Amino acid sequence: MDRTVKILKKPITSTIIAILCGFLVAAIVLAVTGYNPGASFGALFNGILGRPKYISNVIIKATPITLTALSVAFAYKVGLFNIGSEGQYIVGAMTANIVGYLCNFPPVIQIPLVVISGMVAGALWGGIVGFLKAKFGIHEVLTSIMLNWIALYLSNLAVQSSVFHQPNTTAAYPVNPSSYTMLLPNWKTSDAGIAFLSQHKLLKEVLLKTDVNFGFLVAIAAAILVWLLLYRSSRGYELRAVGLNRDAAEFAGISVTKNIVLTMLIAGALSGLAASMAITGTNPHRISILSAFENNGFNGLSVAFIAGSSPIGCIFAGLLFGGLLYGGQSIQANIGAPSEIINIMIGTIVFFVALTKVVPALAVRLEKRGMRNAK
Amino acid sequence: MLNNISLLVGITLMYSAPLIFGALAGVISERSGVVNLGIEGMMTVGAFVGAAVGYFSGNAWIGFLAAGIAGAAFALLHAIAAVTFKADQTISGIALNLIGPGLALFLCRLCFSGATMSQPVPHKLPKILGDAQENTVAQNLNLDITVVLALATMLIMWFVLYRTKWGLRIRSVGEHPAAADTLGISVDRTRYICVLVSGMLAGLGGASMTLAVIQQFTPTAISGHGFIALAAVIFGKWTPQGAYGACLLFGFAEALSVFLGLKNVPIPTEVLAMLPYILSIVVLVLFVGRSVAPKADGLPYEKGTR
Amino acid sequence: AGCGGAASSGSSAAAGGAASAASTSGAAGSAKGYKIRMVTDTGGVNDQSFNQSSWEGLQNLKKEASADINYMESKQESDYATNLDKAADDDAKLIWGIGFAMAKAISTAAKANPDINYAIADNGYDASSMPKNVTGVMFRAQEPSFIVGYIAGKTTKTGKVGFVGGINSNIIDQFEYGYKAGVAYAAKELNKKITVNAQYAESFSDSSKGKAIANSMYSSGCDIVFHAAGGVGVGVINAAKDSGKYAIGVDRDQAYLAPNNVLTSALKLVHSAVEDVSKKSMKGEAIGGKTYTYGLTEDAVGIPTEHKLMGDATYNAAMKVESDIKSGKIVPPANKAEYEKFQKTL
Amino acid sequence: MEVSSEYAVQMRGITKYFGTFCALDHVDLNVKKGTIHSLLGENGAGKSTLMNVLYGLYQADEGEIYLNGKKADITSPNVAISHGIGMVHQHFMLVDNFTVTQNIILGNETTSHFGVLNMKKARKDVKNLVKKYGLEVDPDAKVEDISVGMQQRVEILKALYRGADLLILDEPTAVLTPQEIDDLIKILHNLIADGKTIIIITHKLKEIKASSSTCTIIRRGKYIDTVNVADCDEEDLASKMVGHAVQLVVQKTPAKPGKTVFEIDNLHVKDERGLPAVNDLSLKVHAGEIVGLAGIDGNGQKELVEAITNLCKTESGTIRINGTEIQNTTPYNTVHHKVATIHEDRQRRGLVMDFSVKENMVLEKYNQEPFCHRGLLNRGEIASYTKDLIKDYDIRPADCVDEPARGLSGGNQQKVIIAREVANEPDLLIAVQPTRGLDVGAIEYVHKTLIRERDHGCAILLVSLELDEIMSVSDTISVLYKGQIAGSFKQGEVDEKTIGLLMAGGKLNG
Ligand SMILES: Nc1ncnc2c1ncn2[C@@H]1O[C@H](COP(=O)(O)OP(=O)(O)OP(=O)(O)O)[C@@H](O)[C@H]1O
Ligand SMILES: Nc1ncnc2c1ncn2[C@@H]1O[C@H](COP(=O)(O)OP(=O)(O)OP(=O)(O)O)[C@@H](O)[C@H]1O
Ligand SMILES: [Mg+2]
Ligand SMILES: [Mg+2]
């Protein structure tokens with residue numbers, strides 16, 4: 001009994017239970033709409049885990065949303081709701097693309113340059129939100145929503161500009177190959193590489209068929225850094241103090257305005273990093289005209305909340321979400337269930353995550369009953 | 001001149017009507033202390049149901065009504081999560097935004113033999129001056145009835161919130177639920193009702209898109225309106241009249257950008273498209289400033305915690 | 001009679017079933033279950049535009065030739081490569097990529113899978129860079145646009161017509177400049193001045209904006225507005241309906257949206273081209289390394305025959321223009337440069 | 001005891017769990033009709049919980065309630081209200097941005113028709129009530145704009161408006177000035193005369209003596225005793241409550257003032273509305289001295305403290321710490337000139353409620369060695385530092401190092417703040433209302449700590465609305481009136497009456 005209670009009280013337990021409930025309800029939805037849930041989930045898991053390259057693709061898919069989720073989670077822990085991650089991602093991608101196209105240094109310089117430029121752009125975009133909040137008290141959600149759209153049009157403006165527009169496409173020129181952050185980007189397509197790889201099937205599949213890149217490692221590193229920053233550093237202490245009780249923090253001599261701006265700068269930089277890693281790490285290494293949001297930031301929002309805004313949790317939630325997005329297409333391909341069903345399924349899972357608080361409450365009730373029986 | 005002014009007014013009102021319903025949906029929910037991030041999803045459901053029922057019944061009014069009911073029914077999910085289960089309202093709203101459009105498209109396929117776009121309704125909601133007008137100014141001002149309904153809804157909501165006992169109770173629940181609770185006001189019931197009304201209004205907003213602005217449901221009929229509505233709620237400081245004004249401002253900025261586009265001003269269209277969003281921020285910084293949410297907004301109410 | 005009808009339709013279904021069963025062992029056996037996969041661009045399969053139309057083409061193919069079809073939706077550009085790869089894993093014989101945004105991804109995939117045929121809608125490649133197993137499918141959308149432009153020019157009473165674009169691109173250019181040229185051609189013929197007001201919505205989805213732009217055009221004296229703007233166009237047509245003016249539809253016959261206001265439509269029948277190319281592939285024709293261009297002569301673009309709003313005279317004149325295009329007497333421009341050249345020839 | 005209609009309330013064997021914690025363990029309470037009955041107990045003893053059960057906010061896990069001799073099943077505040085029970089909660093239950101009238105009528109509104117509010121009638125009703133019970137308030141003022149004393153009246157009016165016969169007051173005097181307390185007690189006697197019954201919770205033994213006829217004492221969730229107040233003195237009550245003898249008189253040696261640490265000259269500060277709040281104020285605090293600032297709430301205390309802590313700007317004048325001017329800089333500057341402040345609003349300014357006790361303990365030195373090394377927190381160091389302070393200051397529960405501050409009782413939260421501020425080894429310690437809401441045991445502890453720090457050479461500025469506290473703890477007593485020092489005295493040179501006179505704006509003769 002005690003053990004059950006203890007396990008139930010852990011946040012991870014409730015998240016897992018929520019996800020299972022999400023799947024259960026999704027199964028019902030599938031069944032009601034005439035699709036075999038077993039086969040659907042089979043297709044889903046096969047689409048995620050069926051082949052090494054699928055796993056690789058899931059990880060690649062998870063990379064940007066893990067990073068944007070970190071951005072959202074970080075801001076949330078500091079008391080800000082970063083719904084502007086989408087826009088920060090867009091300007092980050094735009095800037096990384098432009099810098100990666102205009103500059104062409106050796107990779108040791110080029111890669112950091114491109115990645116950092118994306119981060120700086122994202123940071124600036126987030127910083128505007130932070131500044132307006134700190135200086136004028138303007139709600140971050142409002143400015144973020146506006147800035148998302150401004151970012152979208154700004155990015156389109158850049159793509160359409162005569163300097164960056166690649167003729168006969170809807171895209172900008174891609175970044176120079178020296179910016180690539182894939183694993184062995186040149187070698188794997190060289191003759192020697194292909195010759196070597198053809199003898200190693202697994203390696204070949206993963207390396208050649210997918211854009212295996214360093215992005216996810218960067219995401220993991222970022223998650224650890226964010227965790228360290230938040231919970232182990234004095235700066236993070238300050239940030240959290242401001243987030244949790246602005247008045248007390250101010251009274252204790254901590255600058256509120258500075259920390260709000262800083263929070264949004266960091267959050268923006270994380271979203272920008274997500275974009276940089278996508279631009280440098282995956283095809284087509286460029287931005288193109290956006291006719292709608294690509295949801296890199298909005299998905300990050302879902303991921304962050306599935307993770308309960310825990311930085312380390314974002315890694316796993318990112319993988320889960322990436323898996324659902326990528327593997328979900330297999331449900332459509334194999335079972336024929338339209339993509340709407342998959343969106344409903346993902347939405348259902350997220351919805352149940354919202355209900356996670358019920359589990360520890362249940363645990364307390366169990367505990368109470370146990371205690372009174374013992375008495 | 002008169003032509004231009006009437007054009008700007010007409011476009012402003014046309015553009016803002018669905019947003020106003022969405023924003024009022026946000027106001028009523030958040031005033032009772034439930035953050036509603038799911039307006040977008042609720043609007044999409046309303047947009048579909050409005051168009052579908054309008055098509056099958058042949059009567060746009062029935063469709064409009066049905067959209068309100070459907071929006072409320074969908075909002076019930078949010079209410080259950082936010083009120084009964086004390087869930088994180090933000091995630092619950094996000095979930096609705098994922099489920100809503102999925103559900104609408106899926107139902108659309110079921111009702112319209114696999115298409116994700118409904119058939120056009122035979123008759124749209126009426127216009128205030130009836131059929132097309134010869135006179136350009138009159139035509140520009142021949143507004144959708146939804147424009148009038150949006151105004152009326154705002155006025156009614158204002159009246160209810162500030163002049164009736166229910167309004168007093170709703171506001172108290174959003175500001176200090178424990179206080180309301182000690183006075184025998186059921187926090188949960190109040191919030192349930194407000195969230196359902198919120199869903200209903202969002203549904204009507206969606207339907208005013210698909211039954212007045214256009215005449216059918218399309219997968220992109222609602223694309224971002226819910227979020228702009230959310231911004232308008234904050235912009236308008238959580239008051240019906242403020243949110244209404246914010247939507248008008250936004251609609252006006254859109255009208256202005258269209259107008260400038262028509263006059264061939266030498267500004268890239270991308271920049272013109274940004275105009276409404278930039279203008280909103282500028283107006284906010286210059287004239288509106290700090291807005292403070294209802295104190296208990298977003299906080300689940302649990303008896304005995306403080 | 002009712003009973004008989006039901007019975008006969010029942011028996012015809014049975015017959016159909018028998019026919020298809022028989023064909024399994026026959027020559028058409030290679031066609032039955034011929035695997036075709038389609039990868040959409042980021043618009044998704046419900047884009048009310050070429051993705052949707054292409055998918056309809058494949059669905060026809062399934063009905064007519066029992067092809068094994070399926071689609072994969074791309075949500076972002078980075079999905080193209082992985083979706084194409086999944087399609088290849090599915091042992092598809094023919095893989096469609098829809099939209100010229102996918103050009104690069106298709107050619108990369110084609111190089112990696114030389115045994116699979118690829119086809120791309122709305123894109124052709126330079127002969128030099130064209131992989132052997134890729135087929136390009138292009139449309140001369142400027143041709144129907146020219147015709148509808150001509151019709152607009154002939155029909156306008158105010159001497160002012162409008163064009164609403166979604167987001168600027170080469171494909172939308174075909175519509176815009178084809179249309180403008182058509183208007184200019186009509187103006188020349190009528191010997192009057194007709195201005196074209198063109199505006200872009202910077203969106204393919206914001207119907208309100210489409211309506212707002214169209215309203216402003218009507219209010220400024222335009223009486224006909226042509227759109228090439230997806231969901232934005234729905235707003236354009238509604239503006240026409242509300243103000244009793246004319247709109248011109250695009251891609252498919254959009255008259256059903258507003259029978260009294262949609263003057264005509266510039267058809268771009270992506271589905272028929274997709275069906276056509278797929279059929280060729282099923283039959284085993286060597287389609288690789290070629291670019292098929294679909295225009296009036298291939299019956300893949302055009303205007304609907306219904307013409308009650310413009311009257312016979314205009315329609316017949318338009319048909320004359322159509323045959324002039326077919327015969328090469330008129331070459332509608334597909335972009336700004338060609339349009340400027342075209343103007344000089346008038 | 002028999003169930004009898006002689007009693008307005010009889011609660012029997014009330015047991016209440018919070019989670020697994022037993023807050024009330026078979027507690028009895030019998031309140032005679034037409035009397036004032038007080039409830040006494042340490043912080044966290046369960047007084048509020050018991051009353052919340054009576055008011056229907058909590059459901060007891062065991063036990064019964066009888067009202068006027070009849071069993072009552074109080075499942076919600078609505079039921080309680082219908083039984084004529086009214087409650088004034090410890091933490092005010094007022095909607096800040098509503099007017100007084102709106103707060104009073106909420107839930108029981110006067111409407112004309114169709115639910116439309118009839119504010120005219122409501123206002124009249126409220127005015128009548130105000131007149132009847134002498135509870136002077138402005139019906140149209142917004143609650144956030146009126147003093148806590150006024151808010152207290154609004155709370156009582158709320159209960160009376162609903163026709164309460166039994167009035168529960170949970171620590172009504174914690175935030176009141178002495179004058180307001182006197183007024184309140186008068187009002188309570190008026191109410192009794194009007195046939196009402198009152199249960200009052202207070203930590204101030206003097207008030208119990210002044211108001212109540214009987215007193216029930218509970219300790220750690222258990223019923224201890226019910227006594228006749230007339231038969232007990234304050235010491236008896238205190239020792240019953242704590243379980244051992246308590247020192248009620250502050251013991252201290254005369255001060256040995258050193259150099260001037262803190263000096264204010266001709267300070268002018270405006271309040272939020274731009275009206276002068278601190279008016280040409282000058283003040284000195286020496287090392288090793290406690291200066292008590294007496295005054296009625298609203299005479300510039302808030303603005304003075306905000307100016308010193310740099311939360312607001314001054315108009316003119318100087319504030320010097322050890323000779324350095326600090327006015328119009330940043331809060332950081334104040335803190336780092338070795339000024340420690342115990343703020344009156346502990347939950348808003350004093351603590352980050354969702355931080356653990358440990359994290360709260362280093363709120364001002366998280367970035368100093370040894371708690372922080374190269375930008376990283378040294379958590380072990382912080383934890384052991386906190387554990388020491390928890391032990392030194394007897395913060396309960398003793399294992400709360402990693403618990404969020406929110407989970408502590410108000411008294412223990414206050415101890416955390418005091419421990420932190422004192423441990424900063426300040427040159428100047430500003431203590432604003434440091435014992436508000438604390439029980440006698442805790443108050444004794446706070447006072448001892450202040451005196452100990454004084455003896456260590458700290459300069460202390462004590463700002464309090466409690467004249468008793470000022471009189472017994474301070475070495476120098478200054479009276480604040482309308483933003484000015486109306487008079488300064490050494491301890492023992494002046495009596496309570498004189499101070500009271502100055503506080504009320506009176507002038508000394510000669
Ligand atoms: N909502 C709650 N959740 C958990 N525990 C609670 C809650 N409210 C009270 N308690 C517990 O019940 C005990 C009694 O609390 P209560 O508020 O009744 O004390 P009190 O006697 O009113 O103290 P004080 O004098 O500080 O007001 C506390 O020590 C606390 O541990
Ligand atoms: N959210 C909570 N979770 C657990 N316990 C709580 C919670 N809120 C309050 N408590 C408990 O309630 C008890 C009483 O808290 P309360 O705030 O009433 O203290 P207090 O001394 O009365 O404060 P004050 O007198 O300053 O108002 C505390 O002991 C605390 O343990
Ligand atoms: Mg209490
Ligand atoms: Mg207390």
Side-chain angles (χ1 to χ4, degrees), chain A residues 22 29 33 76 81 83 128 132-133 135-161 291-293 298-299 301-302 304-306 308 337-358 361, chain B residues 37 41 77-78 80-82 85-110 114 116 220 223-224 227-228 230-235 246 268-274 276-281 284-286 288-293 300:
Chain A
V29 171
T33 51
Y76 199 69
F81 188 50
I83 200 172
I128 297 174
L132 291 176
K133 169 130 189 163
K135 178 96 203 222
F136 301 103
I138 295 175
H139 204 293
E140 73 272 13
V141 167
L142 207 170
T143 30
S144 293
I145 290 174
M146 299 298 161
L147 281 170
N148 284 344
W149 286 97
I150 296 175
L152 182 122
Y153 293 120
L154 189 66
S155 170
N156 284 356
L157 187 65
V159 177
Q160 299 276 28
S161 74
S291 51
F293 291 117
F298 291 129
N299 285 341
L301 219 62
S302 305
F305 281 105
I306 291 179
S339 53
E340 293 89 73
I341 298 277
I342 294 140
N343 287 340
I344 294 176
M345 190 177 92
I346 294 178
T348 310
I349 292 172
V350 175
F351 183 77
F352 275 89
V353 171
L355 303 185
T356 40
K357 268 195 203 150
V358 179
Chain B
L37 232 58
L77 281 180
H78 189 49
I80 291 172
F85 287 103
K86 323 281 177 211
D88 187 315
Q89 300 168 6
T90 310
I91 328 181
S92 161
I94 291 174
L96 290 202
N97 284 343
L98 292 170
I99 297 173
L103 194 67
L105 282 182
F106 181 75
L107 293 176
C108 191
R109 280 187 198 278
L110 283 186
T116 51
T220 56
S223 43
F227 288 99
I228 298 294
L230 191 71
V233 173
I234 303 171
F235 198 119
T269 47
E270 290 89 351
V271 177
L272 280 182
M274 286 179 204
Y277 308 96
I278 295 176
L279 199 67
S280 295
I281 294 182
L284 212 60
V285 170
L286 292 183
V288 182
R290 196 173 299 269
S291 42
V292 182

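Naming convention: chains lettered A, B, ... in sequence-line order (proteins, then strands); numbering from 1 in each chain. From a predicted model like this one, the values you see are computed outputs, not experimental measurements.
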Engineer: Sort out for me which of B:Lys86, B:His78, B:Arg109 touches chain A most, counting heavy-atom pairs under 4.5 Å.
Structural biologist: B:Arg109

Engineer: If you round to the nearest 0.5 Å, how far is OG1 of A:Thr33 from CZ of B:Phe106?
Structural biologist: 4.0 Å

Engineer: Under 4.5 Å heavy-atom distance to chain A, tell me which part of B:Leu37 shows up: side chain, backbone, both or neither.
Structural biologist: side chain

Engineer: Could I get the full list of side-chain hydrogen bond (donor to acceptor under 3.5 Å, both in side chains) partners for B:Thr269, not counting sequence neighbours?
Structural biologist: C:Glu202

Engineer: Return the CG to OH distance between A:Leu154 and B:Tyr277, rounded to the nearest 0.5 Å.
Structural biologist: 14.0 Å

Engineer: With a 4.5 angstrom heavy-atom cut-off, which part of A:Phe293 approaches chain B: side chain, backbone, both or neither?
Structural biologist: neither

Engineer: Quick one: which of B:Asn97, B:Leu77, B:Val288 has the most heavy-atom pairs under 4.5 Å with chain A, could you say?
Structural biologist: B:Leu77

Engineer: Of all of A:Ile306, A:Thr143, A:Leu157, A:Thr348, which one pairs up most often with chain B through heavy atoms under 4.5 Å apart?
Structural biologist: A:Leu157

Engineer: Between A:Ala354 and B:Ala87, which heavy-atom pair has the shortest distance, and what is it?
Structural biologist: O-CB, 2.9 Å

Engineer: Could you work out, with ring-ring contact (aromatic ring centres under 6.0 Å, His included) as the rule, every residue matching B:Phe85, not counting sequence neighbours?
Structural biologist: none

Engineer: Using a cut-off of under 4.5 Å on heavy-atom pairs, state which of A:Phe136, A:Phe81, A:Tyr153, A:Phe351 scores highest against chain B.
Structural biologist: A:Tyr153

Engineer: Side chain from CB out, backbone as N, CA, C, O: work out which of these in A:Ile83 comes under 4.5 Å of a heavy atom of chain B, or both, or neither.
Structural biologist: side chain

Engineer: How close do B:Thr90 and A:Tyr76 get, counting heavy atoms only, and between which atoms?
Structural biologist: OG1-OH, 4.4 Å

Engineer: Would you mind checking which part of A:Ile341 comes under 4.5 Å of any heavy atom in chain B, side chain (CB onward), backbone (N, CA, C, O), both or neither?
Structural biologist: side chain

Engineer: Rounded at 0.5 Å granularity, tell me how far CD1 in A:Ile150 sits from CD in B:Glu270.
Structural biologist: 14.0 Å

Engineer: Please round to the nearest 0.5 Å and tell me the distance separating atom CD1 of B:Ile278 and atom CE of A:Met146.
Structural biologist: 11.5 Å

Engineer: How many angstroms lie between atom CD1 of B:Ile281 and atom CG of A:Leu132, to the nearest 0.5 angstrom?
Structural biologist: 6.5 Å

Engineer: Pair A:Ile346, B:Leu98 - check side-chain contact (heavy atoms from CB on, under 4.5 Å), show working.
Structural biologist: CA-CA 7 Å; A:Ile346 294 178; B:Leu98 292 170; 4.1 Å; yes

Engineer: Passes side-chain contact (heavy atoms from CB on, under 4.5 Å), B:Ile99 versus A:Asn343? Steps please.
Structural biologist: CA-CA 6 Å; B:Ile99 297 173; A:Asn343 287 340; over 6 Å; no

Engineer: Report the distance from atom CG of A:Leu301 to atom CD1 of B:Ile94, rounding to the nearest 0.5 Å.
Structural biologist: 4.0 Å

Engineer: Could you look at B:Ser92 and say if it's the side chain, the backbone, both or neither that has a heavy atom under 4.5 Å from chain A?
Structural biologist: both

Engineer: So, for B:Ala95 and A:Gly347, which heavy atoms are closest and what is the spacing to 0.1 Å?
Structural biologist: CB-O, 3.5 Å

Engineer: Below 4.5 Å, heavy-atom pairs only: which of B:Leu110, B:Leu230, B:Thr220, B:Leu105 has the largest tally toward chain A?
Structural biologist: B:Leu105

